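Below: the structure, in structure tokens.
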Amino acid sequence: MSETVQFKQENGVAILTLNRPKAFNSFNREMAFALLERLDACAKDETIRAIVLTGEGRAFCAGQDLKEATEDNGISFEMILNEHYNPIIKAIRTIKKPVLAAVNGVAAGAGANIAFACDMTIAKKSASFTQAFSKIGLVPDSGGTFFLPRLVGMQRATAMMMLSNKITAQGAVEMGLIYQYVEDEQFEEQVMNLATSLAKMPTKALGMTKELINAGMQNDLDSQLEMEGKYQIEASRSADYEEGVNAFLEKRKPEFKGK
Ligand code: T3D
């Protein structure tokens, strides 16, 4: 397995670490395929109930490796988008488990948009975000034009994408772009606390919640209410629902299994 994405598993949490620190964890083809392979394995492994995506060293991810992208006879834009970023974004959105971006440093270009596509994004206070694309004459990709306006509204999203200005972690929280920022010294501990809490929750219902959220980005109210009804009936038949209600009535802590 490629060293470009490191894998660790603790208490039901898979930690995937982008590992090309000298290139600020920018994506080459090897790392893109390694991440896809790891995400797929995490999706299939029942012992993994939450996923953390983070970066090694000073950066979270600087987007596309611009050296690889500009090599003579190198990979085409079409391949980069169709075979790397689009499948990565789709995998993050369709894995029926919480995917947490733990942004340990700068997140730029596709790196930023991967973080925004995750279910929750938690950043080090010193981390920052930039769209970067406009500075090199590209348009945003990796779902940026889909997620950003939905997260922060058209005006702020447009400014971010046209200006590619640097957004601090605190600024990102204030505008609703990410969930949370934490002091640098507490970052790893807080990330693991959040991920472990998620992994202990009724993760079958969390996966279904994610599907509902995805659908709610496009559906009209009638369709969404209908879908919620169907999913609620399915959730009410889960072992976790039985455990949750029994634990509540018996005044004890529930032990959810994600089933
Ligand atoms: O084919 C396609 O391009 C289509 C796909 C597009 C998807 C995209 O993601 S396009 C956007 C690509 N990313 C960027 O344009 C970001 C480029 N990087 C930066 O703007 C800055 O490096 C950062 C804002 C991310 C960080 O700035 P700073 O000052 O903290 O660090 P630095 O000194 O610029 O970079 C540190 C090292 O990382 C440096 O290496 P060196 O000189 O010490 O050996 C730099 O070259 C390397 N690095 C940073 N970003 C990339 C990179 N190497 C390759 N590709 C990068 N994207």
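Whatever order the structure lists ligands and atoms in, that order sets their numbers, starting from 1. Just so it is clear, the model here is predicted, and its values are computed rather than measured.
By the side chain to side chain contact (heavy atoms under 4.5 Å, CB included) test, Thr196 is found to be paired with Asn11, Val13, Met192, Lys200, residues two or more places apart in sequence or in another chain being considered. With sequence neighbours excluded, the residues forming a side-chain hydrogen bond (donor to acceptor under 3.5 Å, both in side chains) with Glu243 are Arg252, listed by chain and number. With sequence neighbours excluded, no residue forms a ring pair (Phe, Tyr, Trp, His ring centres under 6.0 Å) with Phe60.
With a 6.0 Å radius and a threshold of 12 heavy atoms from other residues, nucleotides or ligands, Tyr241 has its OH atom at or below the threshold.
Stacking of Arg29 on the aromatic ring of Phe33 is not recorded, the 6.0 Å distance cut-off and the 45° axial limit not both being met.
We find that Glu226 and Lys230 are joined by a salt bridge, their nearest charged nitrogen and carboxylate oxygen being less than 4.0 Å apart.
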Name each N or O atom in ligand 1 that is under 3.5 Å from a protein N or O, and give the partner atom and the distance.
residue, atom, partner, partner atom, Å
ligand 1, 9 (O), Gln64, N, 2.9
ligand 1, 9 (O), Ala110, N, 2.9
ligand 1, 13 (N), Ala62, O, 2.9
ligand 1, 55 (N), Leu66, N, 3.0
ligand 1, 57 (N), Ala62, O, 3.2
ligand 1, 57 (N), Gln64, O, 2.8

